[in-house]
Number of protein chains: 2
Amino acid sequence: MNIGEVAERSGVPSKTIRYYEEIGLVRPLRSGNGYRDFAAEELHRLAFLGRARSLGFSLEECRTLLSLYGDHERSSSDVKAITRSHLARIDRKVSELQALSRTLRDLVARCHGDDRPDCPIMEDLAHAGTRGCPASLTASCTD
Amino acid sequence: MNIGEVAERSGVPSKTIRYYEEIGLVRPLRSGNGYRDFAAEELHRLAFLGRARSLGFSLEECRTLLSLYGDHERSSSDVKAITRSHLARIDRKVSELQALSRTLRDLVARCHGDDRPDCPIMEDLAHAGTRGCPASLTASCTD
DNA sequence: GGTAGTGCTTCCAGTAGATGGAAGGTCAAC
DNA sequence: GTTGACCTTCCATCTACTGGAAGCACTACC
């Protein structure tokens, strides 16, 4: 199977497949003409990769998951551990973004949004010293 | 003011300040010895940048916000529009991550996490075709 | 005057995860 | 034999820095 067909069937773009080969996530054979030649197994690995990436796993996590995928002696606890730590990372990120969202929502609500220059958003950015900005700035912002 | 002091007072690392100069976000003067020489205004711009970045604005958004910062004829509606679209982007991201989180949480809940190989997480990744994986894969995954 | 230590300079490389494009070889059809 | 789709490699680009090497500049101390 050539790269184009594999790309279409796995949903992973050709460019990305070449990149995955470059970093050793897939190892297709080569035909006599130099074209990559993908066996069914490589197609499955690519579909696996596509799904894992769509779930937000990093490529290094994908590498580990792929090796567990091919390991019939694997323990599901290993898979679960990786997934759990990934989940924790995502939940941390959600909390961070929700905090940002609250702050921004508040600023937007307080801004008139008219043709005058006064703007609570600008004031927040300009006088960051008193809240949320790096501690080292606080002193110099009180002037 | 030398870069070290500005870094400490603005909370933006020296390395980052040099980078910001390279991409034209700040333009410090130079002393006779070749050192960067920051005026109070540049310090304020850096503090502004630090706060805007901590709110998740991209550097291009920061560039626009900085130009509005220095523009006494600005309209708060421009600032508000940028902030609103940034907020919308964050809220989209939160939704995406929450969807991921739900999926991962469900998978983790269904995985025994013992020393046997059977694992619903692996099954999801391996047979992605029926749900959530790229449409092009669906056909080839039903086998 | 020499030297140690800190701070400054530039330049280059690397991070994650691709993506875009140029230059060129291959293949099937007409 | 030529067009056009597909494949190849290689290099550059994106975001937003960060780390490190090599080499001046400045201050303090002996």
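Quick note on labels: first sequence line is chain A, next is B, and so on, each numbered from 1. Just so it is clear, the model here is predicted, and its values are computed rather than measured.
- Heavy atoms only, all atoms of each residue included: B/Leu25 and B/Arg45 are closest at O-NH2, 2.9 Å.
- Scanning both residues, B/Met122 and A/Tyr69, for their nearest heavy atoms gives CE-N, 3.7 Å.
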Output one letter per nucleotide in nucleotides 15-25 of chain C: B when a protein non-hydrogen atom lies under 4.0 Å from the base, S when only the sugar-phosphate is that close, - when neither is. --BBSBB---B
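- A straight line from CG of B/Asn2 to C1' of C/dT6 spans 12 Å, rounded to a whole angstrom.
- In this structure, A/Ser10 contributes its side chain and A/Val6 its backbone to a donor-acceptor pair below 3.5 Å.
- Considering only residues two or more places apart in sequence or on other chains, A/Glu96 meets the side chain to side chain contact (heavy atoms under 4.5 Å, CB included) condition with A/Lys93.
- Of the residues in residues 84-92 of chain A, not one comes within less than 4.0 Å of DNA chain C through any heavy atom.
- Applying the ring-ring contact (aromatic ring centres under 6.0 Å, His included) definition to pairs two or more places apart or across chains, none involves residues 5-37 of chain B.
- Summarising the geometry of A/His112 relative to A/Asp118, their closest heavy-atom pair is CD2-O, 4.0 Å, with the distance given to 0.1 Å.
- Applying the side chain to side chain contact (heavy atoms under 4.5 Å, CB included) criterion to B/Ser58, with sequence neighbours excluded, gives B/Glu60, B/Glu61.
- Evaluation of the ring-ring contact (aromatic ring centres under 6.0 Å, His included) test over residues 70-95 of chain A, restricted to residues two or more places apart or in two chains, returns A/Phe57-A/His86.
- No engagement by A/Ile23 is indicated, since no non-hydrogen atom pair under 4.0 Å with the nucleic acid exists.
- As judged by a 4.0 angstrom heavy-atom cut-off over every strand, A/Arg36 is placed among residues touching the sugar-phosphate backbone only.
- Between B/Arg110 and B/Asp106 a salt bridge is recorded (basic side-chain N to carboxylate O distance below 4.0 Å).
- The interatomic distance linking A/Glu5 (CD) with C/dA28 (P) rounds to 14 Å, in whole Å.
- Per the geometry, CE belonging to B/Met1 stands 13 Å off P belonging to C/dC8, to the nearest Å.
- Every residue meeting the side chain to side chain contact (heavy atoms under 4.5 Å, CB included) condition with B/Asp71, not counting sequence neighbours, appears here in chain and number order: B/Glu73, B/Arg74.
- The stretch residues 22-39 of chain A participates, sequence neighbours left out, in these salt bridge (Lys or Arg N to Asp or Glu O under 4.0 Å) pairs: A/Glu21-A/Arg30, A/Glu21-A/Arg36.
- To the nearest angstrom, C1' of C/dT6 lies 14 Å from CG of B/Asn33.
- Contacts of A/Thr103 classified as side chain to side chain contact (heavy atoms under 4.5 Å, CB included), with partners at least two apart in sequence or in another chain: A/Leu107, B/Arg51, B/Leu55.
- For DNA chain D, the outermost nucleotides in 5' to 3' order that have an atom under 4.0 Å from a heavy atom of chain B are D/dA16 to D/dC26.
- Comparing the start and finish of the helix from C/dG1-D/dC30 to C/dC30-D/dG1, five pairs each, the helix axis swings through 40°, to the nearest 10 degrees.
- Note on residues 75-84 of chain A: pairs passing side-chain hydrogen bond (donor to acceptor under 3.5 Å, both in side chains), not counting sequence neighbours, are A/Ser76-B/Asp114.
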